[in-house]
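Accompanying notes for the structure given below.
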Amino acid sequence: MGGGNMGTALLKGILETATARADQIVVAEKAEEKAEKLAKELGVRTVNRPEHIGEVDLVLFAVKPQDLDKAAASLKKRLEKKALFISIAAGVTIERLTGLLPAHTAVVRAMPNTPALVGMGATALAAGPDVTDGQKKLAQGIFEAVGLAVWVKEKNMDAVTGLSGSGPAYVFMFIEALSDAGVFQGLPRETSLMLAAQTVAGAAKLLQMSDKHPAELKDMVTSPGGTTINGVHALESRGLRGALMDAVARATQRSKELGS
Ligand SMILES: NC(=O)c1ccc[n+]([C@@H]2O[C@H](COP(=O)([O-])OP(=O)(O)OC[C@H]3O[C@@H](n4cnc5c(N)ncnc54)[C@H](OP(=O)(O)O)[C@@H]3O)[C@@H](O)[C@H]2O)c1
């Protein structure tokens, strides 16, 4: 339900990785234009009223948190007891979701991030009490279609929001600042931005593909008295780690405030 930014990103990932076929998916999207585009581009059946969905064994809620109550109410009578219900609504707890649905509905709460739009998302998942192991596998497969998916305790979802949910913004700022720094040293703007973005993407990939701790990889490029250790000293003098810890702490706190 909800064929917006996140819904469409997940749908594309699911189809591209053959996690499901187009003829197994129905999208409920109330905006007519968006629905037509999805049907045409992805070959899925679309309906503008959830009542027309038919019988399903998995519901993925990708509507805004403020639309959730209404959307759940429209589905409540139709929901098969065995159906798995997955919500990506930021800040909406499993307890609240369960209250909107028939008793003992299996509920998974997910927190994806925007790199899911390019298949490089980082999603944290938390399972409600009635979710079976098979349903957990199903939920994980959906989010692995657009990147990485990990299970966490629900109480850690605010920290996830502060880290990977808000994290793309911190990284965009880091890349912008790094490219400004290159321009400051005389590099053309476009060259500087390309080098900065690729450096971040490449370093992340190198870390993920090696079995080394990030500190070890850093040590490998910091020769005694060399250029990199001079740069590291400047970052440490300005408290890079403390700034990041404060950023995640503030975002986590805000997520708690918005959810309560
Ligand atoms: N974007 C992110 O980075 C991100 C990250 C983590 C979690 N999330 C969560 O993902 C969810 C979706 O975000 P989004 O950015 O994809 O929002 P979006 O682009 O606004 O998509 C939501 C879509 O659902 C439609 N809709 C609303 N109520 C509906 C209903 N009852 N039946 C069928 N369709 C309905 C909306 O139509 P109208 O436009 O006509 O209202 C809209 O097209 C949110 O709950 C958000 O908290 C997003």
Side-chain angles (χ1 to χ4, degrees), residues 1-14 25-42 44-54 56 58-79 85-94 96-97 100-101 107-126 139 142-150 152 154 156-173 248 251-252 254-260:
M1 291 189 71
N5 294 320
M6 266 300 164
T8 303
L10 285 164
L11 196 53
K12 283 186 178 160
I14 287 165
I25 299 170
V26 187
V27 180
E29 168 55 58
K30 63 178 182 163
E32 220 170 283
E33 230 173 83
K34 274 188 215 166
E36 268 173 29
K37 203 166 165 239
L38 284 173
K40 208 170 139 201
E41 281 178 11
L42 303 177
V44 291
R45 185 161 78 83
T46 59
V47 294
N48 62 356
R49 294 171 67 92
E51 296 87 306
H52 300 151
I53 284 182
V56 290
L58 188 152
V59 179
L60 178 66
F61 260 90
V63 299
K64 293 276 188 206
Q66 62 268 28
D67 291 328
L68 196 67
D69 290 39
K70 221 171 138 195
S74 66
L75 257 196
K76 195 169 175 175
K77 282 192 211 110
R78 309 203 46 84
L79 208 59
F85 181 101
I86 304 175
S87 161
I88 61 167
V92 182
T93 62
I94 291 174
R96 224 193 107 206
L97 290 162
L100 297 172
L101 298 163
V107 171
V108 167
R109 176 180 168 194
M111 182 65 203
N113 66 3
T114 50
L117 299 171
V118 291
M120 289 287 288
T123 302
L125 301 162
I142 287 179
F143 292 94
E144 280 179 346
V146 290
L148 173 87
V150 295
V152 297
E154 195 187 13
N156 288 327
M157 272 297 185
D158 293 305
V160 166
T161 306
L163 172 58
S164 50
S166 307
Y170 314 151
V171 177
F172 294 139
M173 285 173 70
V248 175
T252 303
R254 187 66 184 135
S255 172
K256 281 186 185 150
E257 288 163 12
L258 292 175
S260 58

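Keep in mind that the numbers below use all heavy atoms, side chains included, and drop hydrogens, waters and symmetry copies. One-based numbering, in listed order, for ligands and for the atoms of each. By convention here, the first residue in the shown sequence is residue 1.
V146 and A9 make their closest contact through CG1-O, 3.5 Å (heavy atoms, listed as atom of the first residue, atom of the second, distance). For P65 against A90, the heavy-atom pair with the smallest separation is CG-O, 3.7 Å.
Each of the following atoms of ligand 1 lies closer than 4.0 Å to a heavy atom of A71: 31 (N). When each atom of ligand 1 is checked for a heavy atom of P65 under 4.0 Å away, the hits are 44 (C), 45 (O), 47 (O). Heavy-atom contacts of M1 reach the following atoms of ligand 1: 32 (N) (cutoff under 4.0 Å). Here is the list of ligand 1 atoms found below 4.0 Å of a heavy atom in D67: 27 (C), 28 (N). For ligand 1, the atoms closer than 4.0 angstrom to any heavy atom of A89 are 45 (O), 47 (O). Near M111, with a cut-off below 4.0 Å to any heavy atom, the atoms of ligand 1 are 6 (C). Close approach to A90 involves these atoms of ligand 1, each under 4.0 Å from a residue heavy atom: 45 (O), 47 (O).
Annotation for E33: atom CD does not count as buried by contact number, only 12 or fewer foreign heavy atoms lying within 6.0 Å.
The CG atom of L38 sits 6.5 Å away from the CG atom of L11 when rounded to the nearest 0.5 Å. The structure places CD1 of I94 at 11.0 Å from CZ of F85, a figure rounded to the nearest 0.5 Å.
Contact of the T114 side chain with the N5 side chain is not registered, since no non-hydrogen atoms from C-beta on lie closer than 4.5 Å. Taking 4.5 Å as the limit, some side-chain heavy atom of S74 sits within range of a side-chain heavy atom of M1. The closest side-chain heavy-atom distance from R109 to V92 is not below 4.5 Å. Within the 4.5 Å cutoff, side-chain heavy atoms of F143 are placed close to those of I88. In this structure, the side chains of V56 and L58 stay at 4.5 Å or more apart for every pair of heavy atoms.
Where the criterion is an N or O separation shorter than 3.5 Å, residue side chain and backbone included, N113 fails it with respect to ligand 1.
Of all protein heavy atoms, the one closest to atom 8 (N) of ligand 1 is I88 O, 3.6 Å. Here the protein heavy atom with the shortest distance to atom 5 (C) of ligand 1 is P112 O, 3.5 Å. The shortest contact between atom 37 (O) of ligand 1 and any protein heavy atom is with E29 OE2, 3.2 Å. Of the protein's non-hydrogen atoms, the one nearest atom 24 (O) of ligand 1 is G2 CA, 3.2 Å. Distance from atom 22 (C) of ligand 1 to its nearest protein heavy atom, with residue and atom name: A62 O, 3.4 Å. Atom 19 (O) of ligand 1 has its closest protein heavy atom at N5 N, 3.0 Å. Residue, atom and distance of the protein heavy atom nearest to atom 33 (C) of ligand 1 are A28 O, 3.3 Å. In this structure, atom 3 (O) of ligand 1 lies nearest to the protein heavy atom T114 CG2, 3.0 Å.
The shell of residues lying under 4.0 angstrom from ligand 1, judged by heavy atoms, excludes K70.
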For L42 and K12: C-alpha separation, side-chain torsions, deciding distance, then whether side-chain contact (heavy atoms from CB on, under 4.5 Å) applies. CA-CA 8 Å; L42 303 177; K12 283 186 178 160; 4.1 Å; yes

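In this comparison of V63, L38, T8, the heavy atom closest to atom 35 (C) of ligand 1 sits on V63. The heavy atom nearest to atom 28 (N) of ligand 1, considering only M6, K34, K30, is found in K30.
Under a 3.5 Å cut-off, the side chain of T161 and the backbone N or O of M157 do form a donor-acceptor pair.
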